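Remember, predicted model here, so these are calculated numbers, not experimental data.
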Amino acid sequence: MSLPLSHEISRREVGVAAAGLPPAAGGQAAGPSGSAPLSLTVNGERRHLDLDTRVTLLDALREHLHLTGTKKGCDHGHCGACTVLVNGIRINACLSLVAMHDGDEVTTIEGFSRPDRLHPMQAAFLAHDAFQCGYCTPGQICSAVAVLAEIAAGVPSHATGDLTAPMSLSNSELRERMSGNICRCGAYSNIAEAVAEVAAVHSAGRP
């Protein structure tokens with residue numbers, strides 16, 4: 001892109017020239033429309049969206065679907081407050097673009113209970129006083145439910161000592177697997193007790 005010597009080159013124009021793109025009217029770089037239609041199943045309900053491709057799954061859930069149980073904490077994937085399940089696997093919703101989840105099944109904290117009955121993990125958190133301010137609790141519960149599914153599926157962690165032995169939820173396994181979920185109030189012991197109780201019920205074959 002040739003410019004007259006008297007023209008002051010902006011950083012945007014330098015970037016456009018480096019990418020080989022023509023400048024748009026007014027000296028602004030031309031870009032795509034930025035939005036894309038998608039559909040995903042959220043808590044058992046099919047939802048259709050048309051969003052900017054830069055929107056995260058977290059912001060889509062909170063700002064566009066108004067499911068505010070999933071919390072925005074660090075927004076960098078460090079705290080786990082935004083943990084949700086996608087196709088049964090726990091992820092940090094702040095690190096994933098909603099456009100990546102077209103056709104996926106997403107479960108948030110709102111999808112765990114029914115009006116007349118708490119999920120067993122929610123009930124255990126209440127029974128063991130496994131929260132204080134409660135801000136991290138939705139992510140903790142989503143992560144804890146996924147941890148038990150991982151154990152049942154035989155998925156190892158960094159704390160797994162024997163890959164050939166039957167998988168069990170030892171205290172070290174539990175703390176390793178839940179280490180991505182930060183509780184700034186420090187309710188870790190109570191959280192561990194709540195998850196261990198539900199794990200014991202599952203291992204005993206009770207609902």
Side-chain angles (χ1 to χ4, degrees), residues 32-128 130-131 133-155 169 177-178 180-183 191 194-195 197-199 201-202 205-207:
S33 62
S35 64
L38 68 148
S39 64
L40 60 164
T41 301
V42 182
N43 300 329
E45 181 182 353
R46 198 68 174 171
R47 307 298 295 266
H48 301 277
L49 299 168
D50 193 338
L51 299 176
D52 190 306
T53 54
R54 297 167 295 181
V55 171
T56 64
L57 177 58
L58 173 59
D59 286 338
L61 292 171
R62 288 182 56 83
E63 307 299 332
H64 298 276
L65 297 180
H66 309 295
L67 295 170
T68 55
T70 305
K71 302 306 182 189
K72 184 187 285 281
C74 65
D75 225 15
H76 287 79
H78 299 317
C79 71
C82 67
T83 303
V84 298
L85 306 186
V86 175
N87 300 327
I89 306 298
R90 55 180 169 153
I91 69 166
N92 291 324
C94 73
L95 295 182
S96 188
L97 299 176
V98 68
M100 300 166 58
H101 298 290
D102 187 24
D104 285 349
E105 294 188 8
V106 179
T107 303
T108 70
I109 189 64
E110 291 91 345
F112 280 108
S113 62
R114 300 190 311 226
D116 60 336
R117 182 181 178 186
L118 291 175
H119 186 279
M121 191 65 73
Q122 292 173 314
F125 266 61
L126 281 172
H128 289 273
F131 55 90
C133 79
Y135 196 84
C136 74
T137 305
Q140 297 276 4
I141 291 175
C142 288
S143 195
V145 171
V147 162
L148 298 190
E150 292 166 8
I151 292 290
V155 178
L169 191 64
R177 291 173 187 268
M178 292 292 293
N181 291 82
I182 295 173
C183 174
I191 291 170
V195 180
E197 178 184 287
V198 179
V201 171
H202 281 194
R206 287 177 283 168

Ring pair (Phe, Tyr, Trp, His ring centres under 6.0 Å) pairs touching residues 49-73, sequence neighbours excluded, are none
The complete set of ring pair (Phe, Tyr, Trp, His ring centres under 6.0 Å) pairs with one or both residues in residues 87-121, sequence neighbours excluded, reads Phe112-His119
Heavy-atom neighbours of Leu118 CG exceed 12 at 6.0 Å: yes
Side chain to side chain donor-acceptor pair (under 3.5 Å) partners for [X], two or more places apart:
{"X": "Ser39", "value": "Arg46"}
{"X": "Asn181", "value": "Thr83, Ser143"}
{"X": "Glu197", "value": "His128"}
{"X": "Glu105", "value": "none"}

Kindly give the heavy-atom pair with the smallest separation between [X] and [Y], and that separation in Å.
{"X": "Cys142", "Y": "Ile109", "value": "SG-N, 3.9 Å"}
{"X": "Ala144", "Y": "Val195", "value": "CB-CG2, 3.6 Å"}
{"X": "His78", "Y": "Cys74", "value": "N-SG, 3.1 Å"}
{"X": "Leu38", "Y": "Val98", "value": "CD1-O, 3.2 Å"}
{"X": "Ala60", "Y": "Leu51", "value": "CB-CD1, 3.9 Å"}
{"X": "Val106", "Y": "Val86", "value": "CG2-CG2, 4.2 Å"}

Rounded to the nearest 0.5 Å, what's the gap from [atom1] on [X] to [atom2] on [Y]? Could you check?
{"X": "Leu67", "Y": "Arg47", "atom1": "CG", "atom2": "CZ", "value": "6.5 Å"}
{"X": "Ile141", "Y": "Gln122", "atom1": "CD1", "atom2": "CD", "value": "5.0 Å"}
{"X": "Leu49", "Y": "Ser35", "atom1": "CG", "atom2": "OG", "value": "11.5 Å"}
{"X": "Leu169", "Y": "Ile151", "atom1": "CG", "atom2": "CD1", "value": "5.0 Å"}
{"X": "Asn87", "Y": "Thr107", "atom1": "CG", "atom2": "OG1", "value": "9.0 Å"}
{"X": "Asp102", "Y": "His48", "atom1": "CG", "atom2": "NE2", "value": "10.0 Å"}

Are the side chain of [X] and the backbone of [Y] linked by a donor-acceptor contact shorter than 3.5 Å?
{"X": "Glu110", "Y": "Gly69", "answer": "yes"}
{"X": "Asn92", "Y": "Cys94", "answer": "no"}
{"X": "Arg62", "Y": "Thr68", "answer": "yes"}
{"X": "Asn43", "Y": "Thr108", "answer": "yes"}

Checklist entry - Are Val55 and Glu63 side-chain neighbours, meaning at least one heavy-atom pair lies under 4.5 Å? => result no
Those residues at least two apart in sequence (or on a different chain) that pass salt bridge (charged side-chain N to carboxylate O under 4.0 Å, His left out) with Asp116 are Arg114
Residues at least two apart in sequence or cross-chain that pass salt bridge (charged side-chain N to carboxylate O under 4.0 Å, His left out) with Asp104, listed by chain then number, are none
In short, salt bridge (charged side-chain N to carboxylate O under 4.0 Å, His left out) pairs touching residues 64-86 with sequence neighbours left out are Asp59-Lys72, Lys72-Asp75
Residue pairs passing the salt bridge (charged side-chain N to carboxylate O under 4.0 Å, His left out) test with at least one member in residues 142-154, sequence neighbours excluded, are Arg90-Glu150, Glu150-Arg177
Ala130 meets the side chain to side chain contact (heavy atoms under 4.5 Å, CB included) criterion, sequence neighbours left out, with Phe125, Asn190, Ile191, Ala194
| Derivation of the side chain to side chain contact (heavy atoms under 4.5 Å, CB included) call for Leu95 and Thr56 | CA-CA 7 Å; Leu95 295 182; Thr56 64; over 6 Å; no
Sequence neighbours excluded, the answer for ring-ring contact (aromatic ring centres under 6.0 Å, His included) partners of Tyr135 is none
